[in-house]
Number of protein chains: 2
Amino acid sequence: MNISARCEYACRAMVELALMQQNHDPVASSVLAERRHIPEKYLVHILLQLKRAGLVQSVRGAQGGYRLGRLPEDITLLEVVQAIDGPVLDPLPVNDGQSLDLRAVWKETADSIAGELRQISIREVADRAAASPMYYI
Amino acid sequence: MNISARCEYACRAMVELALMQQNHDPVASSVLAERRHIPEKYLVHILLQLKRAGLVQSVRGAQGGYRLGRLPEDITLLEVVQAIDGPVLDPLPVNDGQSLDLRAVWKETADSIAGELRQISIREVADRAAASPMYYI
DNA sequence: ACAAAGTTGACCAGATAGGTCATAATTCGC
DNA sequence: GCGAATTATGACCTATCTGGTCAACTTTGT
């Protein structure tokens, strides 16, 4: 039960996009990679995944790059996590239809985690970072 | 971010122990394995891990087996999960000291998950199972 | 035309997970 | 004491996942 590196990287990229998109110019993946210490070649796959989920838009060609797909306050961490890692705490660990008593518990737990992550927007995380610049180096 | 099979099996075994320990006789791992559909050879490793964490006691030799280490109402799912899978949502995915803004979010999430699991005792799950026998076949 | 940048799929090495096997140590019942 | 039952332990195996790189292609601004 842990956050994958992919997921961590995806969230970093999203937050950084939120911070950099004042001028509305798209941001190159290489810039995101450098600023948030993400392996560059790896990041492009992640961005593609985010794009397919509609969480970012891309602009091809020179001066191209990525933008957030929607306003940062309208994108939740839950969406990012789910776009990268799939359903939170689901599909179930041992899918043999046994021990439904426990299954019910996991379901409740999953819902609770989702509820938490749904309340945190990319905007909020970006604001924390902006408030104390040292915070996200 | 998912519950491992190990963890699922561990929880099943604990719940089944809670259900079977009326007469105070230890329950053999083979019995637990059969009743909760857990690979028998695999379960012994898991039980050992639970024993090292103090969550079960063992009795060696013929007629031996396992008992809960404490009263089922005093053992939380959090303890079981942590004994098997280690800290919930920690150590952190990419431990490079970067993006502390996100790190703070993960920490809050981890605490929230732990809080949820800490409120569910083995006893509670066992009671659900006992209430509707079909529930845990 | 050229360079910058996204798109895509193949590839790869190491870690992890799930699970088995063999062997030893312990203890009950006869 | 013997044999069967049962836990304890570590080696081992295999398939999948994960993190990451590479190369080739497409698109587009200057």
Side-chain angles (χ1 to χ4, degrees), chain A residues 1-13 17 20 25-34 36-69 81 84-86 91-96 98, chain B residues 1-13 17 20 25-34 36-69 81 84-86 91-96 98:
Chain A
M1 184 146 59
N2 58 351
I3 301 287
S4 67
R6 280 184 83 82
C7 186
E8 163 85 18
Y9 294 154
C11 294
R12 288 188 190 182
L17 276 178
M20 293 192 69
D25 285 342
V27 182
S29 63
S30 58
V31 174
L32 293 174
E34 193 191 3
R36 283 284 176 162
H37 303 90
I38 307 171
E40 187 175 338
K41 307 293 179 60
Y42 197 28
L43 178 57
V44 302
H45 293 280
I46 297 171
L47 285 167
L48 212 49
Q49 215 170 332
L50 291 173
K51 184 191 169 189
R52 294 199 185 104
L55 296 176
V56 301
Q57 298 169 348
S58 68
V59 179
R60 301 182 67 161
Q63 315 307 319
Y66 297 87
R67 288 194 204 99
L68 289 181
V81 170
I84 297 298
D85 280 351
L92 285 321
V94 183
N95 204 355
D96 55 6
Q98 306 297 333
Chain B
M1 184 145 59
N2 58 350
I3 302 286
S4 67
R6 281 184 82 82
C7 187
E8 163 86 16
Y9 293 155
C11 293
R12 288 188 190 182
L17 276 177
M20 292 192 70
D25 284 342
V27 182
S29 62
S30 58
V31 174
L32 293 175
E34 193 191 2
R36 282 283 175 163
H37 303 88
I38 307 170
E40 186 175 338
K41 306 293 180 59
Y42 197 27
L43 179 58
V44 302
H45 294 279
I46 297 171
L47 285 167
L48 210 51
Q49 215 170 332
L50 292 173
K51 185 193 168 186
R52 294 200 184 102
L55 296 176
V56 302
Q57 299 169 347
S58 68
V59 179
R60 299 181 66 160
Q63 316 306 320
Y66 298 87
R67 289 193 205 99
L68 289 182
V81 170
I84 297 298
D85 280 352
L92 285 320
V94 183
N95 204 355
D96 54 7
Q98 307 294 336

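As a basis for the values below, the full set of heavy atoms in this structure was taken, side chains included, without hydrogen atoms, waters or symmetry mates. Note on naming: letters A, B, ... go to the chains in the order of the sequence lines (proteins, then strands), and numbering restarts at 1 for each one.
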Whole angstrom value for the distance that separates [atom2] of [N] from [atom1] of [X]:
| X | N | atom1 | atom2 | result |
| --- | --- | --- | --- | --- |
| B:Glu8 | C:dG18 | CD | C1' | 14 Å |
| B:Tyr42 | C:dG18 | OH | C1' | 5 Å |
| B:Asp25 | C:dC28 | CG | P | 12 Å |
| B:Ile84 | C:dT16 | CD1 | P | 17 Å |

[N] OP1/OP2 closer than 4.0 Å to side-chain N/O of [X]:
| X | N | answer |
| --- | --- | --- |
| A:Tyr66 | C:dT7 | yes |
| A:Ser29 | C:dG6 | yes |
| B:Tyr9 | C:dG19 | yes |

> Which part of the nucleic acid does A:Ser30 contact within heavy-atom distance under 4.0 Å: base, sugar-phosphate only, or nothing?
Replying inline: nothing
> Who passes side chain to side chain contact (heavy atoms under 4.5 Å, CB included) against A:Glu40, sequence neighbours left out?
Replying inline: A:Ser30, A:Ala33
Would you be so kind as to tabulate the donor-acceptor pairs closer than 3.5 Å made by side chains of residues 47-60 of chain B, with sequence neighbours excluded?
unit_1: B:Gln49; atom_1: OE1; unit_2: B:Arg6; atom_2: NH2; d: 2.2
unit_1: B:Gln49; atom_1: NE2; unit_2: B:Ala83; atom_2: O; d: 3.4
unit_1: B:Gln49; atom_1: NE2; unit_2: B:Ile84; atom_2: O; d: 3.3
unit_1: B:Lys51; atom_1: NZ; unit_2: B:Ser58; atom_2: OG; d: 3.3

> Quick one: CE on B:Met1 to CD1 on A:Ile3, what's the gap to the nearest 0.5 Å?
Replying inline: 4.0 Å
> In Å and rounded to the nearest 0.5 Å, what is the CD to CG distance from A:Glu8 to A:Asp85?
Replying inline: 11.5 Å
Could you report the tightest heavy-atom contact between [X] and [Y], atom names first, then the distance?
| X | Y | value |
| --- | --- | --- |
| B:Ala13 | B:Leu43 | CB-CD1, 4.1 Å |
| A:Ala10 | A:Ile46 | CB-CG2, 3.6 Å |
| A:Arg12 | A:Arg36 | NH1-O, 2.9 Å |

> Mind checking whether B:Met20 and B:Val31 have side chains closer than 4.5 Å, heavy atoms only?
Replying inline: yes
>> Side chains of B:Val27 and B:Leu17, heavy atoms from C-beta outward: is any pair under 4.5 Å?
In response: yes
>> Does anything in residues 43-62 of chain A come within less than 4.0 Å of DNA chain D? Heavy atoms only, and list the residues if so.
In response: A:His45, A:Arg60, A:Gly61, A:Ala62
>> What range of DNA chain D does chain A touch, first nucleotide to last, counting atoms under 4.0 Å from its heavy atoms?
In response: D:dG19 to D:dG29
>> Quick check on the helix from C:dA1-D:dT30 to C:dC30-D:dG1: what's the angle between its two end axes, five base pairs per end, to the nearest 10°?
In response: 10°
